[in-house]
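Structure first, commentary second.
Below, chain A is the first sequence line, B the second, and so on; all start at residue 1. For the numbers below, each heavy atom of this structure counts, side chains included, while hydrogens, waters and symmetry mates do not. Small disclaimer: the values here were computed from a predicted structure and weren't measured.
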Protein chains: 2
Amino acid sequence: MSTKTEQLRYEKRASILKALAHPSRLKLVDKLSEADEVCVCDLTEVIGSDMSTVSRHLSQLKNAGIVESEKRGQMVFYRLRVKCLKSLFSCIESVVKCDVNQNMKVLS
Amino acid sequence: MSTKTEQLRYEKRASILKALAHPSRLKLVDKLSEADEVCVCDLTEVIGSDMSTVSRHLSQLKNAGIVESEKRGQMVFYRLRVKCLKSLFSCIESVVKCDVNQNMKVLS
DNA sequence: TGCCTATTTGCATGATTAGCCAATTATGTG
DNA sequence: CACATAATTGGCTAATCATGCAAATAGGCA
């Protein structure tokens, strides 16, 4: 594989990770994983920021290909497009746990 | 779980994802996954940025608990602390692939 | 049509990030 | 000790990001 292609691959992956790398967006993904679809208004309540802010977070997730949206009536419903988030989060969680262990070692 | 704790959990996860969310840092992780340990000087060649820049990328990965380092002589060697990166990347990759499919649909 | 609700977009602001060069620290070697 | 190498840190700039308010868009409904 050419260096150029390789570079593009890293950039693409990074852009997806970046889309996930925010507490509010992680929470959004979490909520969406519990339900089939949720409207912006309900998500806004969950997050507790201005609706415009939530809308922008959602559009970042959408641009990254993590969620999709559908407008029905005046409302817009968001849905997860990806089903593997659980394994991703379990990996992230293992970093967290590993860190805790490390910290305990330091303290003991 | 309290809302406060929940919030902290999202923040912690986000910080780990943020540490990974950069092409150069992904490349560093990739290289480190191929070898047991690599010194900063070698990693600098791979990345092709200034060594100071690479050093800062590495310290971000270290702060996130993704890599660890050991100084031997004048050199500092970095190692992955986490073994599950492969499953994480396969998830990311499935987002990429899903995107490609979507794009093909749009084009056809 | 006129008004209400849901959502997105424009704009301004403050905060964070990435990058390089230069300076500093630490180690090894003559 | 003097010098070279490896790595980190300080300082600066340009770019990107997060956020809220206000305005615009679009869909119901009387």
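A pairwise comparison of heavy atoms in B:L17 and A:L20 identifies CD1-O, 3.7 Å as the closest pair. Taking all atoms of both residues into account, the shortest heavy-atom contact from A:A19 to A:A64 is CB-CB, 3.4 Å.
Note that CD of B:E11 is 9.0 Å distant from NE2 of A:H22, once rounded to the nearest 0.5 Å. Distance check, rounded to the nearest 0.5 Å: CG of A:L61 to CG of A:L58 gives 6.0 Å. Between B:H57 atom NE2 and B:L28 atom CG the span is 7.0 Å, to the nearest 0.5 Å.
Of the possible polar contacts, none joining the B:R81 side chain to the B:K62 backbone as a donor-acceptor pair under 3.5 Å is found. Within the 3.5 Å criterion, the main-chain N or O of B:V40 finds a donor-acceptor partner in the side chain of B:T44.
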Heavy atoms under 4.0 Å is the rule here; annotate nucleotides 23-30 of chain D 5' to 3' with B where the base is hit, S where only the sugar-phosphate is, and - elsewhere. ---SBS--

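Across residues 30-57 of chain B, B:C39, B:V40, B:C41, B:M51, B:S52, B:S55, B:R56 each have a non-hydrogen atom less than 4.0 Å from an atom of DNA chain D (numbered order).
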Apply the test side-chain contact (heavy atoms from CB on, under 4.5 Å) to residues A:R13 and B:F89: give CA-CA distance (whole Å), side-chain angles for both, the deciding distance (0.1 Å), then the verdict. CA-CA 8 Å; A:R13 290 181 179 185; B:F89 290 130; 4.1 Å; yes

Run the numbers on A:E70 and A:R79 for salt bridge (charged side-chain N to carboxylate O under 4.0 Å, His left out), then give the verdict. CA-CA 8 Å; A:E70 184 185 341; A:R79 240 190 321 275; 3.2 Å; yes

After noting the C-alpha distance and the side-chain angles of B:R72 and B:E37, does the key distance pass the salt bridge (charged side-chain N to carboxylate O under 4.0 Å, His left out) rule? CA-CA 12 Å; B:R72 286 204 304 279; B:E37 56 175 26; 2.6 Å; yes

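Between the CD atom of B:E70 and the C1' atom of D:dA7 there is a distance of 15 Å, rounded to whole Å. The NZ atom of A:K18 sits 9 Å away from the P atom of D:dT16 (whole-angstrom rounding). One interatomic measurement links the two molecules: CG of B:L58 to P of D:dA6, which rounds to 16 Å at whole-angstrom precision.
Heavy atoms from other residues, nucleotides or ligands lying under 6.0 Å from CD of B:E34 number more than 12.
Among the heavy atoms of the strands lying under 4.0 Å from A:Y78 are primed sugar atoms or P, OP1, OP2 only; no base atom is included.
Boundaries of the chain A contact region on DNA chain C are C:dT5 to C:dC11, first to last in 5' to 3' order (nucleotide atom under 4.0 Å from a heavy atom).
Each of A:H22 and B:M75 has a nearest nucleotide on DNA chain D; the 5'-most of these lies closest to B:M75.
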